[in-house]
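What follows is one structure encoded as structure tokens, with my remarks underneath.
Keep in mind it's a predicted model, so treat the numbers as computed, not measured. So that the names make sense, note that chain A is the first sequence line, chain B the second, and so on, each numbered from 1.
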2 protein chains.
Amino acid sequence: MKTYTSREVSAITGLSIPTLRYYESIGLLDSVQRADNSHRRYSDDDLRRIEFLKRVRATGMSISEMGRYVDLFRAGDETLAQRLDVLLAHRQRVQAQMDALADTLDFLDAKIARYHDLQAQQAAMPEAAS
Amino acid sequence: MKTYTSREVSAITGLSIPTLRYYESIGLLDSVQRADNSHRRYSDDDLRRIEFLKRVRATGMSISEMGRYVDLFRAGDETLAQRLDVLLAHRQRVQAQMDALADTLDFLDAKIARYHDLQAQQAAMPEAAS
DNA sequence: GCTTGACATAAAGTGCACTTTAGGTTGTAC
DNA sequence: GTACAACCTAAAGTGCACTTTATGTCAAGC
């Protein structure tokens, strides 16, 4: 089974090596396998977990809620409904953020258009103030 | 000219009174007018500024970049091009965030669908484990 | 055999964006 | 005239998510 060093995982995921260790230390990752020299060897499963964590983190899930999800996952099948709740709650947040961003995108575009108009006016009378 | 108390501005904008004071203290707001008892009286201009700040803040602009924009604004017409740059840069970030969120929304929907399937299976054989 | 580099750990530090605290003034309500 | 609420200030504190530091181990290359 293929494994990856810290350096490799960091390069693949974009998370720093300290962040990977931090995530492991707070239980977001299960204890990572070690080589004989005690260096970490991440598995493909670890990688998938990390990519998942990175994704939900980047879209606004807190570390503590990520922990809650991981704990439920570890507890097994009978927590399926609760995990679904976490996912649905996050889906809601993601949707709400998208709506807010779409709103602000329109706002910015309108403002940017006004700025372009103002610039055109300034260019048309470059000596107006002197 | 209509003015608003701290309490009113807080209610309208959703920012806390300490946050409003904090924004003023770091120069994101121009010095707010005072009543005779030294209590703040916010103007409509202040309100518009606050709503703008709230909007860009909520979509990921840092306080320091907000400060940069406000400083440029105060400096007058000759900073128009630089302000436009700030707006365009933020527009870019907003667009990028929306793309990332859209991606994650798809990811979540796929995962949620799988969870629903799993739940259906569990419901179909409720005694499987016993 | 000694430097170098990649890892390890535990603990302390950092940056950001506020929030809370402590102590004070002012104007209305009883 | 005194209690109370609504504000004020400056300074310290908080929570989050990491990051940095100090110190140590181990294997490979010169």
Exercise. Would you kindly compare B/Ser16 and B/His39 by the position of their nearest DNA chain C nucleotide and give the one closer to the 5′ end?
Key: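 Result: B/Ser16.
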
Practice problem: Only one of A/His90, A/Gln97, A/Arg93 passes side chain to side chain donor-acceptor pair (under 3.5 Å) with A/Thr59; say which it is. | Solution: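 Exactly one option meets the side chain to side chain donor-acceptor pair (under 3.5 Å) with A/Thr59, and it is A/His90.
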
Crowded around [X] [atom1]? As in, over 12 foreign heavy atoms under 6.0 Å?
X	atom1	result
A/Gln95	CD	yes
A/Gln33	CD	no
A/Phe52	CZ	yes
B/Tyr115	OH	yes
B/Glu51	CD	yes
A/Gln119	CD	yes

Quiz item: Between C/dA8 and A/Arg40, is there an OP1 or OP2 to side-chain N/O distance shorter than 4.0 Å?
Solution: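 It does, given that an N or O in the side chain of A/Arg40 lies less than 4.0 Å from OP1 or OP2 of C/dA8.
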
Output yes when [X] and [Y] qualify as a salt bridge under the 4.0 Å nitrogen-oxygen rule, no when they do not.
X	Y	result
B/Glu78	B/Arg83	no
B/Arg68	B/Asp71	no
A/Asp45	A/Arg48	yes
A/Arg40	A/Asp46	no

Quiz prompt | Whole-Å distance separating the CZ atom of B/Arg34 from the P atom of C/dT25 | solution =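 Atom CZ in B/Arg34 sits about 16 Å away from atom P in C/dT25.
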
Quiz prompt | Protein-nucleotide distance (B/Ile17, atom CD1; D/dA5, atom C1'), rounded to Å | solution =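 From B/Ile17 CD1 to D/dA5 C1': 12 Å.
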
Quiz item: Are any non-hydrogen side-chain atoms of A/Val70 and A/Arg49 less than 4.5 angstrom apart?
Solution: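 Counting from C-beta outward, A/Val70 and A/Arg49 do come under 4.5 Å.
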
So if I take [range] and measure heavy-atom distances to DNA chain C, which residues fall below 4.0 Å?
range	result
residues 53-69 of chain A	none
residues 19-28 of chain B	B/Thr19, B/Tyr22, B/Tyr23
residues 5-15 of chain B	none

Exercise. Describe the nucleic acid contact of A/Arg41 in one word from base, sugar-phosphate, nothing, applying a heavy-atom distance below 4.0 Å.
Key: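 Contact class for A/Arg41: none.
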
Practice problem: Identify the two heavy atoms, one from A/Thr79 and one from A/Phe73, that lie closest to each other, and give their separation to 0.1 Å. | Solution: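 Minimum heavy-atom contact is OG1-N, 4.3 Å.
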
Review item, nucleotides 27-30 of chain C N/O atoms under 3.5 Å of protein N/O:
none

Exercise. Find the bend of the helix from C/dG1-D/dC30 to C/dC30-D/dG1 as the angle between its two terminal axes (five pairs each), to the nearest 10°.
Key: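 It works out to 20° between the end axes.
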
Quiz item: Under the salt bridge (Lys or Arg N to Asp or Glu O under 4.0 Å) rule, what pairs show up with a residue in residues 105-122 of chain A, not counting sequence neighbours?
Solution: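 Pairs touching residues 105-122 of chain A that pass the test: A/Asp109-B/Arg91.
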
Self-check item: Stacked cation flag A/Arg41 on A/Tyr4, 6.0 angstrom / 45 deg
Solution: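 No - A/Arg41 does not lie over the ring of A/Tyr4 by the 6.0 Å and 45° rule.
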
